[in-house]
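Structure first, then comments.
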Amino acid sequence: MTLRPDTVDAFERLVERLPVAVLDPAGETRYVSPAAAAVAGVAPAAPLEDVGRLVAPADVPAFADAFASLVDGDGTEARVTVRPAGRSDGAAVAATLFDFTADPAVGGVVVLFTDETPAASVRRLVRAVTDPDEGVATADSPRDTVDRIVAAASGLPWLELGCYLRDEASAPLGPVGPSVAGDAEPVVRAADRTGERRVVGPDAVPLNALPDRPYAGGLAVPMGDHGVLVAGVRDRDDVTPDLLTGLSLVATTGSLALDRLAAGRALRRSREQHRRCRAETDRLAAATATERSAERRVLAAESTQAVREAVCTELAAAEPVALAWFGTVSPGASELVPAAVAGDGEAYPSGVTFDLGDESGPPAARVLSERTTVAERDLAAGSAPAAWRRAALDAGLRSALAVPIGGEEGTHGVLAVYGRAVGALDGPVRAVVEHLRRVVAYALTSVELRALALGNTTVELELSVPEPRTVLAELADATDATVNLESAAPNRSGYTRLFVSVDAPGDRVVAAATATDGVAEARHLTDRDDGALVEVIAEGETVPGTLASLGAGVVDAETTGDGVRAVVTVARSVDVREFVDAVRESHPETVLLARRVRETPVEADRHFRQRIESQLTDRQYEALQAAHYGGYFESPRRQTGSDIAATLGITQPTFANHVREAQRKLLTALFRSG
C-alpha cells in the first residue's frame, strides 16, 4: 500500500494515539500505532513483517478469515476477538477491521484493537453507565435505566447484567426485563435487606433477572432503596475486586438515576394532588355559594310555584348543572309533570313521559316507586336503550340525580337535576341537592299551611280603649310604668285572672295592685328582662277580659294612665263592626284605630286556641294558665302545686287533677289524627 506523502503525515498524526494498525490488501502490516503495540505487548516498530507479530499464532486463522471476508467484498466491517501475541496474562483484544480498499488514497484494511481484559472491560462498562449523555443520567423511566445498564455490558461475552426493582417503597422486588418473570431469589432479597454485596454461587444461577445461560456464579449488589443489580459470569475467576468495585459504581449510579426519577414522579404527583385539591376546594366553595343563595330565595318565596322556580333557577346556575326541574304528580297519580324548569335542555322534561309505574324509567319517575334518591352517574351506561336516555343524551345531559321532596313519600313532588358530564353531580353538588330537598319541603309545607289551613289571611284590629279608671290603667298610673298584658282569662264567677309584665320592681307593683280598687289579689311571680311578671285577680269587667270573652286573640296590649291600646286578631268570618259594637257595650269609648289583613299564622293559632278552650272546663283552663305563668312547669319549679292551689282557693290534689286532665286534653288535640 502506497500513501501520498501529505496523506501519510496527516494520517499518522491522527492515528498514532489510537490502538490501530494498517494492513495492505495482501495482508502485510504497513503501520502499527504505539497504542496498538502496547495492547499487543510488542515494541512499536514499522513496518512489521506480518500480522503474526500482533496476534497469537492460534488466533491468526480467525483473524485471517475476518480479513479475507472484507477483501472479498463480503462487508465493510468485521469483528473478531483474539489474544495478543506478546502478552502471557490471558488477555484478549477485540479487533475491529474496516475496509478502506474502495478508497484510492488509502487501500487496504484498518484494524482497531480494543483491550478486552476484565479490568479494562469493567472500566468501559462504568464509563458507559456514567456517561452524561448516553448513560443512565438521561434515562426517562426505571425500565429505561435498567435497559441502559444491561446494554452497557452487552459486548462482554463473559458478563451478563440484570436488575430487580420495586414499584413503590413497600412493594416486593421483581425482575425487570422484556421477557423475565418470577420473584426475587433469597440471595437477592438478602442483599436488599442488608444493603451488602452478595457473591452468588453456581447453585443459585441463573437468576430470574438474567438470561437462561450457563453461569459459574455471580454477584448481587444493592441499588439503594430501589432494588438490586445482579451479574452472572462464565468463570468463577471473573469475580474479581475490579468487578466488585465496578459493579458497585454502576449500582450507585443507577440508584442516583432512579432517585432522580422518583423525585420527579413525587413532584408530579404532588402537583397533581395540589391541582385536584384546588379543584375540589373550588367545587366546594361554588356548591356552598349555590346552597346559601338557593336557601335564601326558597325561604323567601311566598307561593308554592315561587318555591319551585327558585330552587330550579339557583341549581341550574351552578357550573356542573345543566338542567333542573320540579315535577308534581298528575291528577290521575300516574305520572310526573313538570311544574318548574330551568337551565339548558328545557324541552327535555316536556318531551319525555315520566310514568310512575315504569321500573326502568327516568330517575325522576323511579323516585316515588323506590321511595329514595335515585342517581345515575352516566346516562349512556344504562343497559336498556330507553327512549328517555336517548332524549337526555340528545339534550346534552350525561348524569342525573332525583330526590323526593316531602320525605321519602315525595308528598310535594320530585326535584330532578342533570349534569353536563359523567359524575358531575357527585360530591358537593349532591350534598347541596340533599340539603335543599329538606329546605324546599319545609318552605312548601309552610306555604301550603298558610294557603290551605290558614286561608293565607287573618284580620288584625287595633283598638284604643280610653278608660283611665280601668284596673290596669290605675295600676300603670300608680306605678308610673307601662303595663303589658301577657294573658287574660275571664271567669263565670265574676273576676278575671290577668298576667301582666310591668317595668317596675315586683314588690312595688304588688303593693300598688293590692291598693287598687277592683283587685282582689296580686302576686309577684318572677322577674324577666322586660320587667316583673305579676298575677292580678280583678273583680268585675276588664278590657282584656272583654276581648277574650268575644273570641279575640290579644296580640299586644299596652296600658298607660290614659287607657288601653290593644292589637287583636279575629276570624275572617267575623263582622268587624259587630265586634267593635260588642266591645263598646262594656267600654263605650272604644275606638277602632286600624283594620289590617295580614298573611300570618295567627289565624291557625286562634283556631287551635279555640279548639283547646272548647274542650277545657273553666277550672281546668284556669289551673293550666296559673301553672304556666306561676312557673310550675319550669325546672326547678318557681311555685309548688300547693302554692298555686292556694291562690286558686282549691286543694293541692284538686289542682293536680285539673292540670293533669287539661294536659291530657291538650295532648290529645295535638296528636289526634284527622
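The structure presented is a predicted model; accordingly, all values stated were derived computationally and were not measured. Hydrogens, waters and symmetry mates are skipped; everything else that's a heavy atom, side chains included, is used.
Here CG of Leu397 is found 12.5 Å from CZ of Arg389. Values are rounded to the nearest 0.5 Å. Rounding to the nearest 0.5 Å places CD of Glu661 at 10.5 Å from CD of Gln663. Between the OG atom of Ser255 and the CG atom of Asp225 there is a distance of 7.0 Å, given to the nearest 0.5 Å. To the nearest 0.5 angstrom, Arg660 atom CZ is 11.5 Å from Gln620 atom CD. The distance from atom CD1 of Ile149 to atom CG of Asp144, rounded to the nearest 0.5 Å, is 10.0 Å. Between the CD1 atom in Ile405 and the CG atom in Leu415 there is a gap of 5.0 Å [rounded to 0.5 Å].
Listed by chain and number, the residues in a side-chain hydrogen bond (donor to acceptor under 3.5 Å, both in side chains) with Asp527 are His524 (sequence neighbours excluded). Taking Phe579 as the reference, nothing meets the ring pair (Phe, Tyr, Trp, His ring centres under 6.0 Å) condition, with sequence neighbours excluded. By the side-chain contact (heavy atoms from CB on, under 4.5 Å) test, Arg438 pairs with His435, sequence neighbours left out. Looking at residues two or more places apart in sequence or on another chain, you find a side-chain hydrogen bond (donor to acceptor under 3.5 Å, both in side chains) between Arg398 and Asp378.
Judged by distance alone, with hydrogens and angles left aside, the side-chain atoms of Thr304 form no donor-acceptor pair with the main-chain N or O of Leu444 at under 3.5 Å. Although no hydrogens or angles enter the test, the distance criterion places a donor-acceptor pair under 3.5 Å between the side chain of Tyr164 and the main chain of Ala209. Within the 3.5 Å criterion, the main-chain N or O of Pro404 finds a donor-acceptor partner in the side chain of Arg437. Looking at Arg366, its side chain does come within 3.5 Å of a backbone N or O of Gly361 through a donor-acceptor pair. Side chain of Asp503 to backbone of Thr482: a donor-acceptor contact under 3.5 angstrom is found.
More than 12 heavy-atom neighbours from other residues, nucleotides or ligands sit within 6.0 angstrom of CD on Gln305. Within 6.0 Å of CZ in Arg271 there are 12 or fewer heavy atoms belonging to other residues, nucleotides or ligands. More than 12 heavy atoms of other residues, nucleotides or ligands shown are found within 6.0 angstrom of CD on Glu272. No more than 12 heavy atoms of other residues, nucleotides or ligands sit less than 6.0 Å from atom OH of Tyr442.
Using cut-offs of 30° and 60° on the angle between ring planes, the pair Tyr348 and Tyr418 is perpendicular.
Considering all non-hydrogen atoms of both residues, Ala400 and Leu379 come closest at CB-CD2, 4.0 Å. Minimum heavy-atom separation, Gly182 to Pro175: O-CD, 3.0 Å. Across every non-hydrogen atom of Leu315 and Ala324, the tightest pair is CB-CB, 4.1 Å. Across Ala626 and Phe499, no two heavy atoms sit closer than the pair CA-CZ, 3.9 Å. Shown here for Arg148 and Gly135, the closest heavy-atom pair between the two residues is NH1-O, 2.7 Å. Of all the heavy atoms in Pro338 and Ser350, the pair that sits closest is CG-N, 4.3 Å.
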**Study point:** Test log, rule side-chain contact (heavy atoms from CB on, under 4.5 Å), inputs Val374 and Leu401
**Key:** CA-CA 6 Å; Val374 177; Leu401 173 66; over 6 Å; no

**Study point:** Test log, rule salt bridge (Lys or Arg N to Asp or Glu O under 4.0 Å), inputs Arg420 and Asp344
**Key:** CA-CA 10 Å; Arg420 296 183 176 89; Asp344 301 333; 3.3 Å; yes

**Study point:** From CA spacing to verdict: salt bridge (Lys or Arg N to Asp or Glu O under 4.0 Å), Arg584, Asp581
**Key:** CA-CA 5 Å; Arg584 285 172 178 162; Asp581 289 342; 3.7 Å; yes

**Study point:** Test salt bridge (Lys or Arg N to Asp or Glu O under 4.0 Å) applied to Asp192 and Arg166, step by step
**Key:** CA-CA 11 Å; Asp192 177 64; Arg166 54 172 54 88; 2.8 Å; yes

Exercise for review: Walk me through it: do Phe633 and Leu624 pass the test side-chain contact (heavy atoms from CB on, under 4.5 Å)?
Suggested key: CA-CA 10 Å; Phe633 298 112; Leu624 190 63; 4.0 Å; yes

Exercise for review: Given salt bridge (Lys or Arg N to Asp or Glu O under 4.0 Å), test Arg637 with Glu634 step by step and report yes or no.
Suggested key: CA-CA 5 Å; Arg637 289 174 174 172; Glu634 295 179 8; over 6 Å; no

Practice item. For side-chain contact (heavy atoms from CB on, under 4.5 Å), just list the numbers for Asp355 and Trp388, CA-CA rounded to whole Å, side-chain angles, deciding distance to a tenth of an Å, and then say yes or no. Key: CA-CA 11 Å; Asp355 188 352; Trp388 70 266; over 6 Å; no

Practice item. Show the numbers, then the answer: is there a side-chain contact (heavy atoms from CB on, under 4.5 Å) between Arg143 and Val176? Key: CA-CA 7 Å; Arg143 176 63 182 274; Val176 179; 3.6 Å; yes

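Contact annotation: the side chain of Val307 approaches that of Val440 to within less than 4.5 Å [non-hydrogen atoms, C-beta and beyond]. Two residues are said to be in side-chain contact when any heavy atoms from C-beta on lie closer than 4.5 Å; Cys163 and Val228 fail this criterion. Contact check for Leu436 versus Val298: no side-chain heavy atoms found under the 4.5 Å cut-off. Between Val337 and Thr328, the closest side-chain pair of non-hydrogen atoms falls below 4.5 Å. Proximity of Val403 to Val414: side-chain heavy atoms (C-beta onward) are nowhere separated by under 4.5 Å. Contact check for Leu323 versus Val321: no side-chain heavy atoms found under the 4.5 Å cut-off. Between Leu165 and Leu173, every side-chain heavy-atom pair lies at or beyond the 4.5 Å cut-off. When side chains are defined from C-beta on, Val433 does not count as touching Leu425, because their heavy atoms never get closer than 4.5 Å.
Pairs of residues two or more places apart, or lying in two chains, that qualify as side chain to side chain donor-acceptor pair (under 3.5 Å) and include a residue from residues 310-321 are Ser293-Glu314, Arg297-Glu314.
When only modelled atom types and interatomic distance are considered, Thr373 and Arg430 share no side-chain donor-acceptor pair under 3.5 Å. Residues Glu376 and Ser399 bring no donor and acceptor atom of their side chains to less than 3.5 Å of each other.
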Name each donor-acceptor pair under 3.5 Å that joins a side chain in residues 256-269 to protein atoms two or more places apart or in another chain, with its distance.
{"residue": "Asp259", "atom": "OD1", "partner": "His226", "partner atom": "NE2", "Å": "2.4"}
{"residue": "Arg260", "atom": "NE", "partner": "Ala137", "partner atom": "O", "Å": "3.4"}
{"residue": "Arg260", "atom": "NH2", "partner": "Ala137", "partner atom": "O", "Å": "3.0"}
{"residue": "Arg260", "atom": "NH2", "partner": "Ala139", "partner atom": "O", "Å": "2.7"}

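We find that Arg292 and Glu295 are not joined by a salt bridge, their nearest charged nitrogen and carboxylate oxygen being 4.0 Å or further apart. Note on Asp394 versus Arg390: no salt bridge recorded, every NZ/NE/NH1/NH2 to OD/OE distance being 4.0 Å or above.
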